Amino acid sequence: MAKFEFPAGFFWGTAMSAHQVEGGNWNSDYWLLEHTPGSLFAEPSGDTCDHYHLYRDDLKLASGLGFDLHRFSIEWARIEPEEGEFSVAALDHYRRVLAACHEVGLKPCVTFHHFTSPRWVTADGGWEDEKTADRFARYCERAGKHLGDLIHSACTLNEANINASLSVNGIFPRDGLKRRLPFVAEAARRCGATLDRFSPFLYSDADRSREVMLLAHRKGREALRSGPGKFLIGIPLAMTDDQAIPGGEERRDRARAESIDPFLELARDDDFIGVQTYTRQRFGPEGPILGGEPGVEILTMGYEYWPDALEATIRYAASRAAVPVWVTENGIGTPNDPQRIEYVRRALGGVVRCLRDGIDVQGYVYWSLLDNFEWMFGYKQQFGIVSVDRATQERTPKPSARWLAEIVRANSIELA
Ligand code: BGC
């Protein structure tokens, strides 16, 4: 067994997003989608982990495990519940969260948008309309002014390339999932919008939303830079290890050119690039290969168990973006906690190989601290290193939490 020491200052964190853990996010477009008849959501988010009230306990838990960075999102639907009406109470809540991070020794890494938007934004063009980039920048400006002095680092939009990526991988239709799901049309009707104008982040036309999201990152970054605080700014991207079987190279490269390269180029003016990786994607001469390779386990999320994907995506991101790499999400949804340990062990092995090759990887953030609301899948998926009894809100660290805590505290890993 060889021991690898991570560089001094390498950070370790866990990530979460407001809608997935806070509870009661009723003014957001997702709450509406979850509660529309015919919804494809397995269940509504409800109170989720009640992190809105229990954040102090959760932050203590994370810091008690040895983590030194906490990635979380603030909720636009709470901060700007109606156009141009900013809630100082909501902003003050997030100031308290930020202060609590500092109190327990966690560097706060704030995501300004993690999939959910205020209903009024989504109903008025949403992520298919360039106006949303300006609205997003205005929200960043207001929130940045209120919170900037306490922020360590910021992510503008979580996985702004997600529609483009899922569409080139053959999982989402190119013109947007919203045009295939009748309940989305019903949700639009319920808030007085036409389907054309109603454009939730993950359901929009891939080509149009890519342009709006690129613009939103650029404008949001500018707004944040002009405010108080000298925090670092980056964009976290959804990345798969894109592999070509013989003859699939051209299709693979074309998919990358549409779904990831423009974002990596934009990131050259950022302070870091956020890599978020869960699995791989294979391409053949006909395009993306759906379904797994025989012999490779398919996880309950529907994709392959492929921990080595992280190494490949770090290498690709570093080569294109040419800024420091932060692993802003990596993890596995599984009821089998030993499998989580094995997944993270192998993924970290990939981080080690990148560091040995001189790639500037500055930290690793596990998704997620808590078992939480996994979007359309509801609560069945378990990404957390801590389980949550949602009837009592009791948190119980899993063996994987203790295992990762040892690596984090030692800032080193025993390699097989
Ligand atoms: C998203 C999270 C999600 C996780 C696991 C990421 O793409 O940022 O919100 O829970 O994947 O599926």
Side-chain angles (χ1 to χ4, degrees), residues 13-22 25 28-31 33-34 41-43 45 48-49 51 70-76 109-117 127 154-167 169 171-172 177 200-203 209 213 217 234-241 259-260 263 273-281 298-307 309-310 313 317 326-335 339-340 343-344 347 364-386 388 400:
T14 57
M16 51 172 64
S17 88
H19 188 77
Q20 293 177 273
V21 296
E22 283 183 348
N25 190 20
S28 70
D29 51 0
Y30 269 73
W31 186 273
L33 290 165
E34 289 157 27
F41 282 78
E43 55 197 315
S45 50
T48 179
C49 307
H51 176 77
H70 175 60
R71 177 171 175 251
F72 69 103
S73 72
I74 58 174
E75 187 59 51
W76 188 2
C109 175
V110 177
T111 305
F112 281 71
H113 185 280
H114 196 121
F115 295 169
T116 51
S117 310
W127 295 95
C155 299
T156 52
L157 303 155
N158 182 66
E159 299 188 343
N161 67 322
I162 185 94
N163 285 334
S165 163
L166 290 169
S167 95
N169 291 347
I171 298 162
F172 278 12
L177 207 50
F201 196 77
L202 263 153
Y203 293 66
S209 65
M213 291 174 190
H217 174 65
I235 185 165
L237 300 177
M239 297 188 72
T240 43
D241 172 4
S259 67
I260 189 83
F263 292 89
I273 176 71
V275 168
Q276 311 205 148
T277 305
Y278 292 87
T279 190
R280 69 171 176 173
Q281 176 64 51
I298 300 288
L299 297 168
T300 48
M301 288 292 288
Y303 48 67
E304 289 178 318
Y305 173 85
W306 201 263
L310 184 59
T313 51
W326 291 18
V327 177
T328 41
E329 276 183 34
N330 175 244
I332 177 173
T334 178
Q339 184 181 37
R340 182 182 338 277
Y343 180 92
V344 177
Y364 175 89
V365 175
Y366 179 78
W367 179 276
S368 183
L369 179 67
L370 306 174
D371 282 340
N372 62 49
F373 180 70
E374 180 56 29
W375 308 110
M376 295 246 249
F377 295 92
Y379 290 98
K380 278 192 311 281
Q381 300 295 336
Q382 295 155 33
F383 279 88
I385 50 172
V386 173
V388 177
S400 56

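Ligands are counted one by one from 1 in listed order, and the atoms in each one are counted from 1 as well. Values in this document were obtained by computation on a predicted structure and should not be read as measured data.
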> Among F115, F383, Y278, F373, which residue places a heavy atom closest to atom 4 (C) of ligand 1?
Replying inline: Y278

> Mind checking whether E329 has an N or O less than 3.5 Å away from an N or O of ligand 1?
Replying inline: yes

>> Can a donor-acceptor pair be found, under 3.5 Å and without considering hydrogens, that links the side chain of T14 to the backbone of S368?
In response: no

> Which ligand 1 atoms are under 4.0 Å away from a heavy-atom of H114?
Replying inline: 1 (C), 2 (C), 8 (O), 9 (O)

> Side-chain donor-acceptor pair under 3.5 Å between Q276 and T328, yes or no?
Replying inline: yes

>> With heavy-atom distances below 4.0 Å as the criterion, list the atoms of ligand 1 near E159.
In response: 1 (C), 6 (C), 7 (O), 8 (O)

>> One residue to check: N158. Relative to ligand 1, which of side chain, backbone, both or neither has a non-hydrogen atom less than 4.0 Å away?
In response: side chain

>> Give the atom numbers and elements of ligand 1 that come within less than 4.0 Å of a heavy atom of E374.
In response: 3 (C), 5 (C), 10 (O), 12 (O)

> Out of curiosity, is Q381 lining ligand 1, as in a heavy atom under 4.0 Å away?
Replying inline: no

> Relative to the ring of H51, is the ring of H70 parallel (under 30°), tilted (30 to 60°) or perpendicular (over 60°)?
Replying inline: tilted

> Backbone or side chain, does any N or O of Y303 fall under 3.5 Å from an N or O of ligand 1?
Replying inline: no

>> So if I apply the ring pair (Phe, Tyr, Trp, His ring centres under 6.0 Å) rule between H114 and each of W367, F373, F72, Y30, which one comes out positive?
In response: W367

> Is there a donor in the side chain of Q281 and an acceptor in the side chain of Y303, or the other way round, less than 3.5 Å apart?
Replying inline: no

>> Within the 4.0 Å heavy-atom shell around M301, which atoms of ligand 1 are there?
In response: 12 (O)

> Using a distance-only test with no angle check, is there a side-chain donor-acceptor pair under 3.5 angstrom linking T277 and T313?
Replying inline: yes

> Under 30°, 30 to 60°, or over 60°: which ring-plane class applies to H19 and W375, parallel, tilted or perpendicular?
Replying inline: parallel

